[in-house]
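Worksheet: the structure to be examined is printed underneath.
Count residues from 1 along the sequence. Just so you know, these numbers come straight off a predicted model, no measurement behind them.
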Amino acid sequence: MRFRTVLTRAAAVGAAALLAVTALTACGDDTDAADNPYGLLQPGVIRAGTLTDAPPNVFLKDGEFTGFDNELLRAVAAKIGLKVEFVGTDFSGLLAQVNSGKFDVGSSSITITEARKKTVDFGNGYDFGYFGLDVPAGSPITGFDQLAGKRVVVVQGTVQDDYATKQNLDPVRVPDYNSAINQLKAGTADAWIAPAEIGDKSAADANGKIKVAAKQLSPTPTAYAVAKGDDKLREALNKGLDEVIADGTWSRLQAEYYPGRPVPADFKPGSGSVAVPSPTAAS
């Protein structure tokens, strides 16, 4: 009988210890969830994949990541109590890296397309865009309808790549914008289909070697990308975006990075339910 009593007491102690460990583990899980409600790679910090060579949208200045998209993301993150850490990458791998968990967010003027929705989820649109057509100085090309049979360069994986492919242009694909610019300067490409703002800046910085031949409005907006099913982070970014639209930050950044660029009358950033202050009122 005594032996059985000892065993019973030992079992009771063991059970109590197990319950205590379980309770501590549960408390730890609750604490982790409270500290990191969006499941970020680092609590309190959005790790964002971006580019280094696409001004005025995303680029490096004095060793710091900046540009309209990145400064807007910083402002959005601040609204939801987060900071942002930017990491440079190539656009061709960005969406897969976001969905695999290498980055929490993709920030690079990413145009929403049905094909891309198979890899990532998108927040609400925060910008519109134009396709730009850059050509070497002295080129006779003046429009997108004159590209058949020409050597047309695009950055791999972009909507400009999609456009050129659908137009049966057999484009030359390069990994980044600097490579496209260098081809135009060297005369090894007849034209570059680019995001218009990036094409404008590249031509302005090319010392007369490149000019903008034409522009046309892109049919869909740009947005931040998150991993498939990451609804909490996506919804938080949407909330923060509406807040920076309402307080005038979006309008101020538009005026700073795209001076003189008109906003199409039918473009509504964010959820579309927030009034957009004019740049004058926002300053």
Side-chain angles (χ1 to χ4, degrees), residues 49-70 88-96 106-111 113 115-116 127-220 222 257-261:
T50 188
L51 307 188
T52 62
D53 63 344
N57 302 65
V58 288
F59 61 100
L60 279 172
K61 181 179 181 181
D62 300 326
E64 296 291 331
F65 286 95
T66 188
F68 174 80
D69 301 63
N70 289 344
T89 188
D90 289 335
F91 188 84
S92 60
L94 177 57
L95 299 187
S107 171
S108 182
S109 291
I110 307 169
T111 302
T113 69
R116 289 174 179 173
D127 200 14
F128 59 95
Y130 291 84
F131 288 174
L133 185 63
D134 280 24
V135 298
S139 170
I141 296 174
T142 58
F144 288 86
D145 58 346
Q146 299 173 349
L147 298 179
K150 303 296 184 182
R151 185 176 172 84
V152 178
V153 66
V154 296
V155 173
Q156 184 176 357
T158 61
V159 289
Q160 293 80 32
D161 184 352
D162 294 342
Y163 171 84
T165 302
K166 290 177 181 177
Q167 297 298 314
N168 297 315
L169 297 178
D170 191 23
V172 177
R173 297 176 175 87
V174 295
D176 53 45
Y177 294 107
N178 282 333
S179 298
I181 294 166
N182 289 337
Q183 290 224 12
L184 288 185
K185 289 180 177 179
T188 54
D190 298 310
W192 169 34
I193 303 176
E197 296 80 17
I198 296 170
D200 287 350
K201 182 69 166 56
S202 300
D205 293 343
N207 296 320
K209 295 181 179 181
I210 299 173
K211 66 178 182 178
V212 178
K215 297 180 185 179
Q216 65 182 38
L217 186 64
S218 177
T220 51
T222 61
Y257 286 96
Y258 311 128
R261 184 185 74 162

Return the orientation label for the F59 and Y257 ring planes: parallel under 30°, perpendicular over 60°, tilted otherwise. perpendicular
May I ask you to decide whether K201 forms a salt bridge with D205, counting only side-chain N to carboxylate O separations under 4.0 Å? yes
Side-chain ion pair, R261 and D127, N-O less than 4.0 Å: yes
Is there a side-chain contact between K209 and L184, using heavy atoms and a 4.5 Å cut-off? no
Side chain proximity check, L60 to T66, heavy atoms < 4.5 angstrom: no
Atom of [X], atom of [Y] and distance for their closest heavy-atom approach:
X    : Y    : value
I141 : Q146 : CA-OE1, 3.2 Å
F91  : Q156 : CD2-O, 4.0 Å
G143 : A214 : CA-CB, 4.0 Å

Using 0.5 Å steps for rounding, measure from the [atom1] atom of [X] to the [atom2] atom of [Y].
X    : Y    : atom1 : atom2 : value
D69  : L51  : CG    : CG    : 9.0 Å
Q183 : W192 : CD    : CH2   : 11.5 Å
S218 : Y163 : OG    : OH    : 11.0 Å

Does F68 offer a backbone N or O that forms a donor-acceptor pair with the side chain of N57 under 3.5 Å? no
